[in-house]
Amino acid sequence: MRDELGESAAKDQVIHAAQELYNWVEKGTHRLIRSSVTEPAIARGTYQILADDLRVGWHMEFRERLREFVADIEVAE
């Protein structure tokens, strides 16, 4: 997303790009891992694993947003 939108993208552009990414993961055509593995849930699950490990994100500012969210929870406790 950063490569396509740049660092100073407007909030609505970032949201739209995040929605497009999510739609691609959920409904898009993905490369097959093996010819016998055709279930789309495999590609979706793989992306989710990468997101859980913070290697990819659903939003180009996901790390910053996550830090803010965690900080809000810590303050509330």
Side-chain angles (χ1 to χ4, degrees):
M1 280 186 217
R2 288 187 195 279
D3 288 346
E4 289 185 24
L5 297 177
E7 293 296 324
S8 60
K11 183 178 178 179
D12 60 331
Q13 290 176 306
V14 175
I15 291 170
H16 180 73
Q19 290 169 335
E20 284 185 339
L21 173 61
Y22 183 81
N23 285 332
W24 171 78
V25 170
E26 285 295 311
K27 302 172 189 169
T29 304
H30 305 286
R31 293 185 178 171
L32 298 178
I33 297 170
R34 292 190 184 107
S35 60
S36 61
V37 180
T38 59
E39 179 59 43
I42 300 296
R44 289 193 301 265
T46 301
Y47 195 91
Q48 187 61 54
I49 289 168
L50 292 171
D52 288 346
D53 290 341
L54 302 179
R55 296 180 65 194
V56 298
W58 300 105
H59 188 285
M60 73 183 228
E61 296 168 352
F62 77 99
R63 285 191 173 117
E64 294 84 1
R65 294 173 63 123
L66 184 59
R67 282 187 197 106
E68 290 173 12
F69 180 73
V70 170
D72 289 346
I73 290 173
E74 290 173 352
V75 169
E77 292 176 351

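Residue indices begin at 1 and follow the sequence shown. All values reported here derive from a predicted model rather than from experimental measurement.
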query = Can you find a heavy atom in the side chain of I42 that is under 4.5 Å from one in the side chain of Y47?
reply =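 Not touching, per the 4.5 Å side-chain cut-off.
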inquiry  = If I take atom CD from residue E68 and atom CG from residue D72, how far apart are they, to the nearest 0.5 angstrom?
reply    =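 So the CD of E68 and the CG of D72 are separated by 7.5 Å.
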query = Just how far is it from atom CD of Q19 to atom CG of D12, taken to the nearest 0.5 Å?
reply =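 Going from the CD atom of Q19 to the CG atom of D12 covers 10.0 Å.
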inquiry  = Tell me whether Y22 shares a hydrophobic cluster with V56, the cluster being built from Ile, Leu, Val, Met, Phe, Trp, Tyr side chains joined at under 4.5 Å.
reply    =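 Looking at the clustering, V56 is in the same group as Y22.
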query = Are L5 and W24 grouped together when hydrophobic residues (ILVMFWY) are joined by side-chain heavy atoms under 4.5 angstrom apart?
reply =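 Yes, L5 and W24 fall within the same hydrophobic cluster.
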query = Which residues pass the side chain to side chain contact (heavy atoms under 4.5 Å, CB included) test with I49, sequence neighbours left out?
reply =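 I49 satisfies side chain to side chain contact (heavy atoms under 4.5 Å, CB included) with D53 once adjacent residues are dropped.
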message = How about CD on E4, more than 12 heavy atoms from neighbouring residues, nucleotides or ligands closer than 6.0 Å, or not?
response =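 Atom CD in E4 is not packed in, count stays at 12 or less.
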task = May I ask you to decide if E26's main-chain N or O and R44's side chain share a donor-acceptor pair within less than 3.5 Å?
result =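 Confirmed, R44 side chain pairs with E26 backbone.
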